[in-house]
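For reference, the structure discussed in these notes is given below.
Below, chain A is the first sequence line, B the second, and so on; all start at residue 1.
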Amino acid sequence: MRLGPDLDQQELAGAFRSFCDKECSAQHIRDAWDGDRGWSTERWKRLAEIGVLGVRVPEAYGGMGLSDFEMALIAEEAGRMALPEPLVDTAAVGAGLLDDLDRLVGWPPAPGWLERVASGDAVVAVGTLDSSVASPGILVHAAGEADLVLLAAPDAIWALDPADCVTEVRRGLDGTRRFARVDLGSSRALPVVSGEQVRSISVAVTDRGATATAAMLVGLGAGMLDMAVSYAGQRRQFGRQIGSFQAVKHQLADVAVRVEFARPAVWRAAASGASGDATASRDASVAKALASQAALLASRTALQVHGAVGYTSECDLHLWAKRAWSLASAWGDVTFHRRRVLASLVPDPAPPLQGQAQPMDTFRADRGALL
Amino acid sequence: MRLGPDLDQQELAGAFRSFCDKECSAQHIRDAWDGDRGWSTERWKRLAEIGVLGVRVPEAYGGMGLSDFEMALIAEEAGRMALPEPLVDTAAVGAGLLDDLDRLVGWPPAPGWLERVASGDAVVAVGTLDSSVASPGILVHAAGEADLVLLAAPDAIWALDPADCVTEVRRGLDGTRRFARVDLGSSRALPVVSGEQVRSISVAVTDRGATATAAMLVGLGAGMLDMAVSYAGQRRQFGRQIGSFQAVKHQLADVAVRVEFARPAVWRAAASGASGDATASRDASVAKALASQAALLASRTALQVHGAVGYTSECDLHLWAKRAWSLASAWGDVTFHRRRVLASLVPDPAPPLQGQAQPMDTFRADRGALL
Amino acid sequence: MDLSFTPEQEAFRAEARAWLEANVPSVSRGTGPLPSLDTPEGFEAHRAWERLMFENRWSVVSWPQRYGGRGLGVMEWLVFEEEYWRSGAPLRVGQNGIFLLAPTLLEFGTPEQRERFLPPMASAEEVWCQGWSEPDAGSDLAGIRSRADRRGSDGWVLNGQKTWCSRGAYADWLFGLFRSDPDTERHRGLTYFLVPMDAPGVTVRPIAQLDGEPGFAEVFFDDVEVPVDQVLGEPGQGWEVAMATAGSERGLNLRSPARYTVAANRLVELWSEVASRDRDLAAMHADAVASAWIDAEAYRLATYAAATRLASGGKAGSEASMNKIFWSETDLAIHATALALLGAEAELLSEEGRPGDWMDGYLFSLAGPIYAGTNEIQRNVVAERVLGLPR
Amino acid sequence: MDLSFTPEQEAFRAEARAWLEANVPSVSRGTGPLPSLDTPEGFEAHRAWERLMFENRWSVVSWPQRYGGRGLGVMEWLVFEEEYWRSGAPLRVGQNGIFLLAPTLLEFGTPEQRERFLPPMASAEEVWCQGWSEPDAGSDLAGIRSRADRRGSDGWVLNGQKTWCSRGAYADWLFGLFRSDPDTERHRGLTYFLVPMDAPGVTVRPIAQLDGEPGFAEVFFDDVEVPVDQVLGEPGQGWEVAMATAGSERGLNLRSPARYTVAANRLVELWSEVASRDRDLAAMHADAVASAWIDAEAYRLATYAAATRLASGGKAGSEASMNKIFWSETDLAIHATALALLGAEAELLSEEGRPGDWMDGYLFSLAGPIYAGTNEIQRNVVAERVLGLPR
């Protein structure tokens, strides 16, 4: 039993942290807000160059051949600096699903797409559907900027050209996140694969999305905690640093506790996903519930500690806070995942939890719990 | 529009407060714990002498002829001193139901019982049932010490001799509260009244029980807050009174806020009940939810502020805290009443709330939410 | 104890409701909703709405008639507020003047000052912003360093900087605290000034809030000359005057319960919609929804109880700090619960790039525990002044 | 990263489970449950259980074999704890000695002290209680005033009073801190003593806890003579030695995750029963139940992560304070949620006058945020030592 990164893994995360420190400042994020797509195609190329986009692409296809676990370490660092690029969508969920389609289904285009992901030549967006019955269209993050849109239902998976299926793009409160309406009906595409074999692949999509997003939320929480601690150490009122007031100390200590106790759960979920453990779905939900809760508490507390300064968009804090709010409901919010955990624990799913083991409709079922 | 006690009412409450100060010390409560019935028959007589047991008994039957509102003011003071006698059961709920049976049903024995209540000659206990189908027996507070047990179902009301229906008496964590199992089946009694006309009388039983108990909880909360403030002003650690630490201050300030904002809701519920307002049930539930929440927060915080001292049964605090825990689930707990409020607000009761407007089974449906 | 309103109050309610229903800017009549009051066009649209209200004597019902009010009591004001919020009428662009400065003017102002300032305030011809906080004096308001120096017998000269002035980007006048005696510290030696924003030497820098709009501003004073009759109260008495305003800000005046009860009722409607789609999901949120609604109701009832005390000659005191904690947390709870029900949908912007109503309300509610003295400060006040805990 | 246990660990788990299943006092075998360990008969029954464990080498699996252990690592200890709590075995009457004093003895004790004290501690032949707090030194532990005066070359004399000594009513030995240098203040000049409770001059006054049983005691010292070899560590070094014990108390040693995961699983079972009766009521509590279970799981995972760091040569630090906050609040959440599900039933006493299991657990959990340094103190530690906020 080992739970935690080894030295190599720590080094990998540390190297990526240095990259983010240099290449993803708050000003970079503001530039991304102002841009057409919410993130930088140049930095995307750089992410490919340092290998991050191919972390979980097999070496044979130009990737690093690592697992969801290393991906989670990377995602935490990305969260800490609020990296705007669709890393989770493409490098974690997209690459993971393409890898499954290659290994388990033998879908011919998969290797090509995996190569393009690793080289930074393709953005992949992934959405999930409750059922394969065509819906009036669901909103999928980053699908508007993607080269490939994958949709996973319990009994079918589609690979779509965004040009055929995206009907509109909406902006979110976080300026780096754009949501495209994907209309399966209008694309008239046939599924890549369908039938009972699809279920476990689709469940893994949700689990991977939840876990990688949870990792990013832990990083966002840690980042906001750092900002608040730093501000509380500088700002003076009543002749003292406000961080010397017990009320401020205790609020920040509570944030530290929630963030620290979310991290091992993310590690566990990522490792369970990587090794296909029987508890992988429950572990992912545990991680996402804890990480969302931690990041929401961090955002709420950091805003309060910053006072009016934090209420301005001149202060960088809101760039992190809005990302946290968005990600807290992405890939299932706190309520969704708590429900899923409970459903996994009762032998015969009790009535209040029926139907909860299904992958969710990416958007409508994404319920958020802000503080 | 006036919401609050007038001068006469304030005076009534003030006089009763003086009585409690003199005749209900913590030592008196400890004596009650050790006694056979959990309270004092001598003090019961004294309560009758000062008129408190007949507050809402008509003057014609020897009472003060006042309303549920004055009763609530009295109950708050009783809560503040953690008075052990079954005041709510007999003087609020019992007298209220007997008054209804007299005025609305013309039940011949009602005047006699009301006279006995006012004179301190009778203890009345009241329980509620989901339906008139005989159950294996429900637990009713104080029924073991009562001279009359009234049971209210949506379609029938029974008046029982405790000797015929009480099958066992159980003790609670609060040593002043004893619960008797009342077996309707074994009593073979016929209802005093039955049919559709009963429903509103039975609903009023629940509302009156919830409101008077809420008043007592506000008093208990205020009492525990006083104890904690007083202790925090005396106890020194690190060379300072612990009440000078911001962490202690803020916890106690939060208790003060919750207690202060529960009180007007109790006034409103009591006044609505007294005047038979259309919103009386909702107002009662609002009051009980707020008061239970406030008293539970007060008990949790007072225990924490007292530290290990408060964890002993040598310290008086536990006498108040255990009463608060017990009353927080008596006559419907926080969850029960929140559900009832929500059910009253949605025009067509939404599925999650069906069946919630019924009076509850006194015991099984009493769900508590401790902090 | 009497929970009913008088026939006069009921008639007043009916009149207010009818007027508001006929006049509130609305989609159905093609007159609304107004653009955000933190945009230039929105500000002017809100000003026009205030003027219409003033012309019909709805702007300041509790003020004396001579200043444009109806001379009504606090209960009638609460009734009006219930109807105002119920009607979905716009946020009040003049609120800082009407609800914060006006009570202070009525208490401390000279007859001439009241005549001069109250009517144009009520009509929003002159919109006021508050100039209290400074970069180093936020929660610690007594740390004010902006200076007022006496110039001759008939004037003062102001220098310094104020910040977080809500509506400051577009306001016409500012009321603010300045240190008039340089040898004093903390609460002493402050003076309360009324300053036109177009006075020479005043510079405004708008600041974008969380929603991206310039909801507040920094205001710089560079040798701004102010005549002596623009001092409110006595020179050096500024703290005492300001505390009267702060009581209004935290207490009943600024935050009438109706805004929360209306929001709480909307929350229940939202929940009811969710319940019709997903019964169990709704049940999982039922506790939070009910709790938020109950707290809004508690605030409403506590306000009636406070109004009852005031009507009997009682005086508002440190309970204002309890109010502030309670309404700000209730507001947050209502909006956070709504966002939880909406899920990811909550974060979508409109085509114009504006947050949806619930998100907008949530962003606004986040400021509640911060402005008018952070809730941490209010808890200190409750602990020390209400409970008597040692400082 | 390897989430599986080694074959040796799995074999150890199986052995532990089999032994516990065969030996844990149980209703079905007519051997349990044991009476409360705070009653005289319960104390002796728990002592006998510890002796049985010791005889089968299950009492202290992570200790060196020479003292009665199996010399196993922290991971094996966690496995054993999981099995122990899973089996429903009794609370450990010797826990203060085994989990708090023993690690300190192993770090600071002389070889003779270890030989003398560890084996009878492991067999519960000698049960230990902690003598740290004093009436005026609770959270402020450095305020200790009980004195140790040197008498000749081979002994000390103790005077003063200790309080909140858990198990103090029946314990055989006490480990405690005394001020050995009267001229010092706060953390300096303290010495860590090991004192037999039957020494002349020791008086014990049991104190009833919330459940009415004497779970702790006051202990008075009146010229109690103690030889020099009953000092743990160097004279004057008591604070440093004590802090090692405190780290164990707050951290991993005293509160292994298994007790919470077992309680959380029981909570889910309870919820599941409620769900079969009232679907909507269960749904309204689902969030709290899931949240409590998830927090217990988070504590378990965080403990494995900490054990991984320790196994790689890392050292436990101020994270002990985070642990203490987290396990105490998780314990409270689990039990409070259970009581909410049980409703009024929760408060009923048994025929013997004892609280039910969930209420008993709730009462116990209420002490969690208080003992071993209140959570307020722990939050100070986290803020100042982990986050580096100014003192």
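Only the backbone of D:Ser4 comes within contact range of chain A, with at least one heavy atom under 4.5 Å from a heavy atom of that chain. Only the side chain of A:Asp277 comes within contact range of chain D, with heavy atoms under 4.5 Å apart. If you measure heavy-atom distances from D:Ile325 to chain A, the contacts under 4.5 Å come from the side chain alone. Using a 4.5 Å cut-off between heavy atoms, D:Glu376 touches chain A through backbone and side chain atoms alike. Contacts between A:Arg240 and chain D at a heavy-atom distance below 4.5 Å are absent for every atom of the residue. Contacts of A:Ser272 with chain D are made by both backbone and side-chain atoms, with heavy-atom separations under 4.5 Å. Looking at D:Glu329, there are no atoms closer than 4.5 Å to chain A (heavy atoms on both sides), in backbone or side chain.
You'll find the side chain of A:Leu290 reaches within 4.5 Å of the side chain of D:Asp295, heavy atoms only. D:Val289 places none of its side-chain heavy atoms less than 4.5 Å from the side chain of A:Arg338. Side-chain contact between A:Leu225 and D:Leu387: present, with at least one pair of heavy atoms (C-beta onward) separated by less than 4.5 Å.
Among residues two or more places apart in sequence or in another chain, the side chain to side chain donor-acceptor pair (under 3.5 Å) test is passed with A:Arg263 by A:Glu76, A:Glu260.
Across A:Ala265 and D:Leu301, no two heavy atoms sit closer than the pair CA-CD1, 3.7 Å. Considering all non-hydrogen atoms of both residues, A:Val346 and D:Ser272 come closest at CG1-OG, 3.8 Å. Between A:Val229 and D:Leu389 the shortest heavy-atom distance is O-CD2, 3.9 Å. Contact between D:Met322 and A:Phe261 at its shortest, heavy atoms only, is O-CE1, 3.8 Å.
Identified by a heavy-atom distance below 4.5 Å to chain D, the contributing residues of residues 243-258 of chain A are A:Gly243, A:Ser244, A:Gln246, A:Lys249, A:His250, A:Leu252, A:Ala253, A:Asp254, A:Ala256, A:Val257, A:Arg258, in residue-number order.
Once rounded to the nearest 0.5 Å, the distance linking CZ of D:Arg300 with CG of A:Leu3 reads 9.0 Å. Atom-to-atom distance recorded for D:Thr308:OG1 and A:Asp6:CG is 11.0 Å, nearest 0.5 angstrom.
Contact count against chain A (heavy-atom pairs under 4.5 Å) is highest for D:Ala305 among D:Ala311, D:Ala305, D:Gly388, D:Ala383. Ranking D:Val382, D:Asn380, D:Val268 against chain A, the residue ahead of the rest is D:Asn380, based on heavy-atom pairs under 4.5 Å.
Within 6.0 Å of CD in A:Glu11 there are 12 or fewer heavy atoms belonging to other residues, nucleotides or ligands.
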